[in-house]
Number of protein chains: 2
Amino acid sequence: MNDVARLAGVSIKTVSRVVNDEPGVHPSTAERVLAAIDQLGFRRNLSARNLRRGSSTGTIGLVLEDVGNPFYSGVTRAVEEIARLRGRQVISGSSDEDPGRERELALEFCSRRVDGLLIVPAGLQHSYLVPEMRAGTPVVFLDRPAGDVVADTVLVDNIGGTVEAVTHLASHGHRRIAFLGDAPDIFTANERLRGYREGCVRAGIGYHEELVAMGPHDESSVATTLQRLQTMREPATAIVAGNNRITVYILRALAGVAERPALVGFDDFELADLLSPPVTVIAHDASALGKAATDLLFARLDGDNSPPRRVVLPVRLVPRGSGEVHA
Amino acid sequence: MNDVARLAGVSIKTVSRVVNDEPGVHPSTAERVLAAIDQLGFRRNLSARNLRRGSSTGTIGLVLEDVGNPFYSGVTRAVEEIARLRGRQVISGSSDEDPGRERELALEFCSRRVDGLLIVPAGLQHSYLVPEMRAGTPVVFLDRPAGDVVADTVLVDNIGGTVEAVTHLASHGHRRIAFLGDAPDIFTANERLRGYREGCVRAGIGYHEELVAMGPHDESSVATTLQRLQTMREPATAIVAGNNRITVYILRALAGVAERPALVGFDDFELADLLSPPVTVIAHDASALGKAATDLLFARLDGDNSPPRRVVLPVRLVPRGSGEVHA
DNA sequence: GGCCACTATGACAACGTTGTCCCCCAGCGG
DNA sequence: CCGCTGGGGGACAACGTTGTCATAGTGGCC
């Protein structure tokens, strides 16, 4: 800006005025300044501007588990969309389920003075955020709740969803329904397990430990588990999969197998309808989740300081075939 | 920092020394400072720091077409990964194929003084970046080249891939091979069309205008096109799909159809192997693309100022069934 | 001519840091 | 007692902006 001022033969303040479209600059002066800006390829430094104005940095931080997972990239897209409408940029990072990494990312974002934080928590300890929140940085947790702080949270109805899945399978005559879930220390995995259990009880088919296999799972552990479930004394005739990845692992393991158990997966995914049989899922909307969380964040930025809210988004069972096989 | 200094009864410079682990602070003083930091929840302002030091802002900007597309979210993931290893944060945004939006994002990132830019170009005009590049901001284009500036570029072998697809189909006896591509003003779409044409010529089956349908496509336009291709006087017996979305549209349109043409899709996608028939694709690696581009960017940041490079990543045909149907 | 109002512009401080340079004082040798 | 040394610490400027206030010039009115 200094250089521009020198070239145009004015003070830096006048350049500032031109750059900010402030009134009170003579058109001919403005023109000279603009020419100088163009010639030097000047672009105002937003960091300095925000520092001086003490105002918003125009950024929001997004900590998620893995952008590579279609579910989270859907969330990211929705967040971006709304941030854009509100003139904000998104800085994001993946925690890979590592609480340390999550914390590192969140605090790094705070150091950059983001206007707000959206976090898919990896761990259960979030007291590290208390100073930031007290200092006025709004934080919204999504997909999973914070461990030890009270804050805005947007979740999906994990319990309702798995209850519905089990009920649905039971209504087709299944009494040996298995559940393959993610690591039980992950909130959603645990909730879905609870829903599964409740569904079993409600359906009157009882909860049987041996039909449950919690993760972490990979392709081979899922294959092994399926083997066990199908060869036990009273084999499982139906399976509830705890998330999109597990569903895919199951599909891989079952590829080419003639006698397939019924299957309902948690999370919808592309092409589920084109597989044979098409996969019945508990669907919920990644972009709705991202949108709800971002809307909540912006409400806080707009001054809403009502008590923290917990929003639970509905899920719906989408019957496609794999879950409508009779026992 | 001021408050911390006052509370600890020292000067702000001493606080700065403690925060930056600089030597020359008495342990007992440091302890007082740390206690004050803790009590006030102080976190150093990175913008101010970078402004003062005139150093890197520790961020890189990523402009892509749509994070929601699994291909680009794979790219994003890879970029993030490498940026992390090099201590950088990623700021990203989606252009939605809108050149204006691409430019807006890129310039916004420049205003934030990102250390470097990774761009999946939406348009053909990139001279707007010349001042920034001359000012020392390295820019790497990925997936598509820049329109009118010479810069580092990482591409995949679009032509080679489609040539291979056509050759593969021809070797199974197909002589009426159709091509459904994206809008021809998109570089990759155009290149793939060229590859298709060259493949036809090489295979000695000739290039026939009526077998080509360029986009933009959506589910219904694809369905209509397929209808036309299959009912023409000499119907198409095989199809090459120009990208992952078009492949999916084709699969949707063909669902339940008994007489299916052979199909090879450009871009691999999850579950392609579990469909029936499994989908033969020209595969290339989103994360390899992201990694190559980011590596190139960091090489520039490390001072490499050799002439701009153009890297072309190989693709490979993955035969799975849909492309091995004989005519 | 003196005064006012108004426009165009500039000087300067400040945002929160850090780099540079300087000062104070204890400890030590002569 | 003096001077020197070195460790611990502070004052101040500067990074690139913008907000505040001041100032110079111009034209109009009495």
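A note on names: the letters A, B, ... follow the listed sequences, proteins ahead of strands, and every chain is numbered from 1.
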Bend angle of the helix from C:dG1-D:dC30 to C:dG30-D:dC1 from five-pair axes at both ends, rounded to 10°? 70°
If I take atom OG1 from residue A:Thr14 and atom CZ from residue A:Arg32, how far apart are they, to the nearest 0.5 angstrom? 9.0 Å
Any side-chain heavy atom of B:Val154 within less than 4.5 Å of one from B:Leu296? yes
What pairs with A:Asp148 under side chain to side chain donor-acceptor pair (under 3.5 Å), at least two apart in sequence or on another chain? none
Is any N or O donor-acceptor pair between the side chain of B:Arg49 and the base of C:dT17 shorter than 3.5 Å? no
Can you give one letter per nucleotide of nucleotides 21-27 of chain C, going 5' to 3': B for a protein heavy atom under 4.0 Å from the base, S for sugar-phosphate only, - for none? -------
Derivation and outcome, side chain to side chain contact (heavy atoms under 4.5 Å, CB included), residues B:Lys291 and B:Glu81: CA-CA 8 Å; B:Lys291 178 171 179 346; B:Glu81 208 61 40; over 6 Å; no
Walk me through whether B:Ser16 and B:Met1 qualify under side chain to side chain contact (heavy atoms under 4.5 Å, CB included). CA-CA 8 Å; B:Ser16 171; B:Met1 199 143 120; 3.4 Å; yes
Which nucleotide in the list D:dC15, D:dG19, C:dT18 gets nearest to the side chain of A:Glu22? D:dG19
If you measure only the distance, is there a donor-acceptor pair under 3.5 Å linking the side chains of B:Gln89 and B:Thr59? no
Could you walk me through whether B:Arg144 and B:Glu97 satisfy the salt bridge (Lys or Arg N to Asp or Glu O under 4.0 Å) test, starting with their C-alpha distance in whole Å, then the side-chain angles of each, then the deciding distance to 0.1 Å, before giving a yes or no? CA-CA 12 Å; B:Arg144 311 167 185 176; B:Glu97 294 297 6; 2.9 Å; yes
Donor-acceptor side-chain pairing of A:Asn243 and A:Asp267 below 3.5 angstrom: no
Close side-chain approach of B:Asn158 to B:Val156, heavy-atom, < 4.5 Å: yes
So, B:Glu65 side chain and B:Asp96 main chain: donor-acceptor pair closer than 3.5 Å or not? no
Presence of donor-acceptor pair under 3.5 Å, side chain of A:Arg52 and base of D:dT18: yes
Tell me the interatomic distance from B:Asp3, atom CG, to C:dG16, atom C1', rounded to whole angstroms. 11 Å
OP1 or OP2 of D:dT18 versus the side-chain N and O atoms of A:Ser16: is any pair under 4.0 Å? yes
Which value, rounded to the nearest 0.5 Å, describes the distance between B:Leu155 atom CG and B:Thr188 atom OG1? 9.5 Å
Which parts of residues 39-47 of chain B get close to DNA chain C, meaning a heavy atom less than 4.0 angstrom away? B:Phe42, B:Arg43, B:Arg44, B:Asn45
OP1 or OP2 of C:dT18 under 4.0 Å from side-chain N/O of B:Asn20: yes
Touch class at under 4.0 angstrom, heavy-atom based, for B:Val19 against every strand present: nothing
Pairwise 5' ranking along DNA chain D for B:Leu51 and B:Val10, keeping only the more 5' one: B:Val10
Taking atom C1' of D:dG9 as reference, at what distance in whole Å does atom CZ of B:Arg32 sit? 11 Å
Base versus backbone protein contacts along nucleotides 22-27 of chain D [heavy-atom cut-off under 4.0 Å; B, S, -]: ------
Expected rows: protein N/O vs nucleotides 5-8 of chain D N/O, under 3.5 Å:
none

Please enumerate all residues that pass side-chain contact (heavy atoms from CB on, under 4.5 Å) together with B:Gln39, with sequence neighbours excluded. B:Leu7
Of the residues in residues 103-110 of chain B, which ones touch DNA chain C at a heavy-atom distance under 4.0 Å? none
Listed partners of B:Ser47 passing side-chain contact (heavy atoms from CB on, under 4.5 Å), at least two apart: A:Ser47, B:Asn45
Tell me, please, which residues at least two apart from A:Leu46 pass side-chain contact (heavy atoms from CB on, under 4.5 Å). A:Arg44, A:Arg49, A:Asn50, B:Glu108, B:Ser111, B:Arg112
Quick one: salt bridge (charged side-chain N to carboxylate O under 4.0 Å, His left out) partners of A:Arg86, sequence neighbours excluded? A:Asp302
B:Asp304/B:Arg309 under salt bridge (Lys or Arg N to Asp or Glu O under 4.0 Å): CA gap, chis, key distance, verdict: CA-CA 11 Å; B:Asp304 174 353; B:Arg309 255 172 278 173; 2.4 Å; yes
Applying side chain to side chain contact (heavy atoms under 4.5 Å, CB included), run through A:Met133 and A:Thr137 and close with a yes or a no. CA-CA 5 Å; A:Met133 293 170 70; A:Thr137 307; 5.9 Å; no
Does B:Arg52 have any side chain to side chain donor-acceptor pair (under 3.5 Å) partners at least two apart in sequence or in another chain, and if so, which? none
Stepwise, does the side chain to side chain contact (heavy atoms under 4.5 Å, CB included) test hold for B:Val79 with B:Val75? CA-CA 6 Å; B:Val79 171; B:Val75 170; 4.2 Å; yes
